[in-house]
Amino acid sequence: MASGEGMLGKMMAKLVESKMKWAREGRLLTGEAPAPDKPRLPPGQREVKNWPVLDLGIKPEVTRANWKLEVDGLVGQPLVWTFDTLMAQPQSTFVNDIHCVTQWSRYDNTWQGVATRHLIALVQPTPAARFVIQTSYDGYTTNLPLADFADDGVLLAHRWEGQEITGEHGGPVRLVLPKLYFWKSAKWLTKLTFVAEDQPGFWETRGYHMRGDPWNEERYG
Ligand SMILES: Nc1nc2c(c(=O)[nH]1)N[C@H]1C(S)=C(S)[C@@H](COP(=O)(O)O)O[C@H]1N2
Ligand SMILES: [Mo]
């Protein structure tokens with residue numbers, strides 16, 4: 001965390017402590033295959049119809065006017081985008097299910113934004129690049145294998161269900177990577193760093209998995 005442990009609020013410290021306890025205890029692990037009657041629901045998950053807010057409780061002051069995305073590290077063409085630059089790129093729409101490690105899954109979310117595939121084609125990662133580190137305006141970080149980041153359906157998203165993504169859900173721009181647990185999708189995204197060696201982010205240093213595939217129950221690592 002950029003703000004440092006000493007600045008964690010009481011509620012956030014409690015959330016972090018209870019999630020670290022889950023990791024130590026291996027909570028929610030079933031070791032089972034998805035239920036045959038619920039093929040869209042990864043093991044240990046339950047479907048919700050609302051959209052819960054999950055974050056560290058730090059509300060960063062970021063708007064479409066001051067948002068910036070920096071792409072650096074092992075790339076041939078580093079870049080900095082404003083929101084206008086993002087909007088000038090080819091736009092994609094994807095519909096997918098999201099799965100939070102705290103057990104909720106939400107089906108059929110419609111997202112709009114710029115596909116990571118398009119971004120990758122522009123920045124040209126070097127052959128040594130194998131992981132991507134996301135950094136957010138609230139100081140949150142999370143790591144991804146480049147192969148997952150580059151997967152079909154992964155988006156720098158600015159709309160959900162046709163509306164601007166709200167501040168509480170990570171607007172103006174967040175990552176959406178539906179195939180991994182949702183902690184791997186950074187809200188208030190501001191930086192992508194391509195690296196050769198994997199580096200644990202906020203939850204990964206606190207007992208959570210380096211990859212986080214919900215179908216394999218990769219909750220803890
Ligand atoms: N910047 C940032 N991104 C974040 C988080 C966070 O605390 N800060 N929390 C993660 C977690 S644990 C989850 S489940 C999802 C929640 O996104 P939502 O609040 O839009 O449901 O965001 C992820 N991305
Ligand atoms: Mo989460």
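Keep in mind that the numbers below use all heavy atoms, side chains included, and drop hydrogens, waters and symmetry copies. Please read these numbers as outputs of a predicted model, since none were measured by experiment. Start at 1 with the first residue, then count along the sequence. Counting starts at 1 for both ligands and their atoms, following the listed order.
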- Does the side chain of Asn50 come within less than 4.5 Å of Trp104's, by heavy atoms? no
- protein heavy-atom neighbour closest to atom 24 (N) of ligand 1 works out as Ser185 O, 2.9 Å
- Considering only the protein, which heavy-atom contact is closest to atom 8 (N) of ligand 1, and what is its distance? Asp138 OD2, 2.7 Å
- Atoms of ligand 1, numbered as shown, that sit under 4.0 Å from any heavy atom of Arg174: 15 (C), 17 (O), 18 (P), 20 (O), 22 (O)
- Within the 4.0 Å heavy-atom cut-off, what Met12 brings close to ligand 1 is neither
- Task: Find all atoms of ligand 1 within a distance of less than 4.0 Å from any non-hydrogen atom belonging to Cys100, and give their numbers and elements.
- Result: 14 (S)
- Atoms of ligand 1, numbered as shown, that sit under 4.0 Å from any heavy atom of Trp104: 21 (O)
- Query: Say you draw a straight line from CG of Leu192 to CG of Leu156; how long is it, rounded to the nearest 0.5 Å?
  - Reply: 6.5 Å
- Message: Tell me whether Arg206 forms a cation-pi arrangement with Tyr208, defined as NZ or CZ under 6.0 Å from the six-membered ring centre and within 45 degrees of its axis.
- Response: no
- Query: Which of the atoms of ligand 1 are close to Ser136, meaning less than 4.0 Å from one of its heavy atoms?
  - Reply: 1 (N)
- Task: Provide, to 0.1 Å, the distance between atom 11 (C) of ligand 1 and the closest protein heavy atom, together with that atom's residue and name.
- Result: Trp183 CA, 3.6 Å
- Query: Taking the six-membered ring for Trp, are His169 and Trp51 parallel (under 30°), tilted (30 to 60°) or perpendicular (over 60°)?
  - Reply: parallel
- Query: Which is it for Tyr140 and ligand 1 at heavy atoms under 4.0 Å: side chain, backbone, both or neither?
  - Reply: side chain
- Message: Donor-acceptor pair, distance only, cut-off 3.5 Å: does the side chain of Gln112 make one with the backbone of Gln163?
- Response: no
- Query: In ligand 1, which numbered atoms sit nearer than 4.0 Å to a non-hydrogen atom of Pro52?
  - Reply: 18 (P), 19 (O), 21 (O)
- Looking at Asp97, Asp152, Asp151, Asp213, which one forms a side chain to side chain donor-acceptor pair (under 3.5 Å) with Lys179? Asp151
- Query: For ligand 1, which part of Trp188 has a heavy atom less than 4.0 Å away: the side chain, the backbone, both, or neither?
  - Reply: side chain
- Whether over 12 other heavy atoms sit under 6.0 Å from Lys59 NZ: yes
- Item | Partners meeting side-chain hydrogen bond (donor to acceptor under 3.5 Å, both in side chains) with His209 (sequence neighbours left out) | none
- Message: Looking at every heavy atom in both Asn109 and Glu161, which two are closest together, and how far apart are they?
- Response: CA-OE2, 3.4 Å
- Counting from 1, what ligand 1 atoms have a heavy atom of His169 closer than 4.0 Å? 18 (P), 19 (O), 20 (O), 21 (O)
- Query: Would you say ligand 1 has an N or O under 3.5 Å from any N or O of Leu56?
  - Reply: yes
- Query: Does Lys38 pair with Glu47 as a salt bridge, N-O distance under 4.0 Å?
  - Reply: no
- Message: Give me the residue, atom name and distance of the protein heavy atom closest to atom 19 (O) of ligand 1.
- Response: Lys187 NZ, 2.5 Å
- Message: Can you report which non-hydrogen protein atom sits closest to atom 9 (N) of ligand 1, along with the distance?
- Response: Leu54 O, 3.3 Å
- Proximal ligand 1 atoms for Ala186, defined as those under 4.0 Å from one of its heavy atoms: 3 (N), 24 (N)
- Item | Under 3.5 Å: N/O of Trp51 near N/O of ligand 1 | yes
- Can Asp108 and Arg40 be said to form a salt bridge (charged side-chain N to carboxylate O under 4.0 Å, His left out), step by step? CA-CA 11 Å; Asp108 292 323; Arg40 290 170 76 173; 2.9 Å; yes
- Ignoring hydrogens, just give me the one of Tyr208, Phe182, Trp160, Trp203 whose non-hydrogen atom is nearest atom 13 (C) of ligand 1. Phe182
- Note on the structure: Here the ring-ring contact (aromatic ring centres under 6.0 Å, His included) pairs for residues 16-42, sequence neighbours left out, are none
- Item | Proximal atoms of ligand 1 relative to Lys19 (non-hydrogen, under 4.0 Å) | 12 (S)
